[in-house]
Amino acid sequence: MSAAEVRLEESWKRVLGPEFSSPYMQQLREFLVAERANGKRIFPKGAEYFRALDLTPLGKVRVVILGQDPYHGAGQAHGLCFSVQPGVRVPPSLVNIYKELETDLGIHPVRHGFLENWAKQGVLLLNSVLTVEEARAASHQGRGWERFTDAVIRAVNDECSSVVFMLWGSYAQKKAAFVDRERHLVLRAPHPSPLSAHNGFFGCRHFSKANEFLRSRGLEPIDWQLPTEPMLAQ
């Protein structure tokens, strides 16, 4: 598989091109083809594997939020971490993200979990693993996606300046441990999962801290207020 065969936003294709011709990506592609041939349902759909990158071009990245795996229930995942498709119940971790947003910035929670509005503003909502088998959490870990998304983070670190990295939980913190803190702002907190949110995610004030940093660098802050109704990005 070459970069020319992949549908991907051009700025990302420029820096990630060598990844697509690497043996690990060829093995990953063969794995996904074989899984489908065996009748397994893979989420999200193929056109949305790189949705986070397509909505947030490299030169427009202002904030990075790292997740781990896509949601594995039917109709949930659409390529952005923590986000679900319109009409899907807001997942527990996102409920807690909304609670922290309200405490931090006074933003009242919306009733949906569709976060494309953030992505269009420069919030890279990146999962570490970009696919999953239906009803089998973490089923595609260790297949190569982690190496690919490491390259994504490295590209942001190297090619961009003054980016805010929101690293929630030990997994995200280890994955982005190499980020240059002299060029970027790294914010760390426990994961917003109900299992850990009360251990320091609540009260972390990452959203206001991110905007304060962006303003201090002469950059436009993020409008974290989501539309009342989910708006599909073009």
Review point. Which atom pair, heavy atoms only, marks the closest approach of Ala197 to Pro192?
Key: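 Heavy atoms only, the tightest pair is CB-O, 3.6 Å.
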
Review point. Which pair of heavy atoms, one from Leu124 and one from Ala52, lies closest together, and at what distance?
Key: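 The pair with the smallest heavy-atom distance is CD1-O, 3.6 Å.
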
Is a donor from one side chain sitting under 3.5 angstrom from an acceptor on the other, for [X] and [Y]?
{"X": "Arg14", "Y": "Ser11", "result": "no"}
{"X": "Asp223", "Y": "Gln121", "result": "no"}
{"X": "Thr149", "Y": "Lys175", "result": "yes"}

Acceptor/donor pairs from residues 83-91 side chains to any protein atom, 3.5 angstrom cut, sequence neighbours excluded:
from	atom 1	to	atom 2	distance (Å)
Ser83	OG	His78	NE2	2.6
Ser83	OG	Gly113	O	3.2
Ser83	OG	Leu115	N	2.9
Gln85	NE2	Gly75	O	3.3
Gln85	NE2	Ala77	O	3.2

Review point. Under the ring-ring contact (aromatic ring centres under 6.0 Å, His included) test, which residues partner Phe31, sequence neighbours left out?
Key: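 ring-ring contact (aromatic ring centres under 6.0 Å, His included) check on Phe31 returns His140.
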
**Study point:** All side-chain contact (heavy atoms from CB on, under 4.5 Å) counterparts of Leu219, not counting sequence neighbours
**Key:**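 Scan of Leu219 (side-chain contact (heavy atoms from CB on, under 4.5 Å), adjacent residues dropped) gives Ser162, Leu214, Arg217.
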
Please check: side-chain N/O of [X] versus main-chain N/O of [Y], any donor-acceptor pairing under 3.5 Å?
{"X": "Trp12", "Y": "Thr56", "result": "yes"}
{"X": "His206", "Y": "Met166", "result": "no"}
{"X": "Ser22", "Y": "Pro18", "result": "yes"}
{"X": "Thr103", "Y": "Glu100", "result": "no"}
{"X": "Asp104", "Y": "Ser208", "result": "yes"}
{"X": "Asn157", "Y": "Asp180", "result": "yes"}
{"X": "Trp118", "Y": "Trp224", "result": "yes"}
{"X": "Lys209", "Y": "Cys204", "result": "yes"}
{"X": "Gln76", "Y": "Gly73", "result": "yes"}
{"X": "Asn127", "Y": "Gln68", "result": "yes"}

Below 4.5 Å, heavy atoms only, C-beta onward: do [X] and [Y] meet side chain to side chain?
{"X": "Arg36", "Y": "Lys40", "result": "no"}
{"X": "Leu187", "Y": "Val164", "result": "yes"}
{"X": "Leu32", "Y": "Arg29", "result": "no"}
{"X": "Trp145", "Y": "Ser128", "result": "no"}
{"X": "Pro70", "Y": "Leu130", "result": "no"}
{"X": "Leu28", "Y": "Arg143", "result": "yes"}
{"X": "Ile153", "Y": "Phe165", "result": "yes"}
{"X": "Gln173", "Y": "Val186", "result": "no"}

Review point. Strictly under 6.0 Å, is that where the ring centroids of Phe148 and Phe20 end up?
Key: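 Yes.
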
Review point. Are Phe82 and Trp168 near enough that their ring centres are under 6.0 Å apart?
Key: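 When the ring centroids of Phe82 and Trp168 are compared, they turn out to be within the sub-6.0 Å range.
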
Check your understanding: Would Val123 and Ile222 satisfy side-chain contact (heavy atoms from CB on, under 4.5 Å), going step by step from the backbone distance to the final call?
Key -> CA-CA 8 Å; Val123 182; Ile222 304 297; 3.9 Å; yes

Check your understanding: Does Tyr171 share a hydrophobic cluster with Val64, counting links as ILVMFWY side-chain heavy atoms below 4.5 Å and allowing steps through other members?
Key ->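 Looking at the clustering, Val64 is in a separate group from Tyr171.
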
Check your understanding: Counting heavy atoms not belonging to Arg183, are there more than 12 under 6.0 Å from its CZ?
Key ->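 Yes, CZ of Arg183 has more than 12 neighbouring heavy atoms, counting only those of other groups under 6.0 Å.
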
Practice item. Could you tell me whether Arg136 and Glu133 make a salt bridge, using a distance below 4.0 angstrom between a side-chain N and a carboxylate O? Key: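 Looking at Arg136 and Glu133, the cut-off is met.
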
Practice item. Taking only Lys NZ, Arg NE, NH1 and NH2, and the carboxylate oxygens of Asp or Glu, determine whether Arg154 and Glu159 approach each other closer than 4.0 Å. Key: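 Between Glu159 and Arg154 there is no salt bridge, as every charged N stays at least 4.0 Å from the carboxylate O atoms.
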
Point to revise | Check against side-chain contact (heavy atoms from CB on, under 4.5 Å), Phe202 and Lys99 | key: CA-CA 8 Å; Phe202 290 137; Lys99 287 179 180 177; 3.9 Å; yes

Check your understanding: What residue among Ile42, Thr131, Val132 forms side-chain contact (heavy atoms from CB on, under 4.5 Å) with His72?
Key ->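 Of the listed options, the one satisfying the test is Val132.
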
Review point. Taking the six-membered ring of Phe50, is NZ or CZ of Arg7 closer than 6.0 Å to its centre and within 45° of its axis?
Key: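 The answer is no, since Arg7 fails at least one limit relative to Phe50.
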
**Study point:** Between CG on residue Leu80 and CZ on residue Phe114, distance to nearest 0.5 Å
**Key:**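 So the gap between those two atoms works out to 7.5 Å.
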
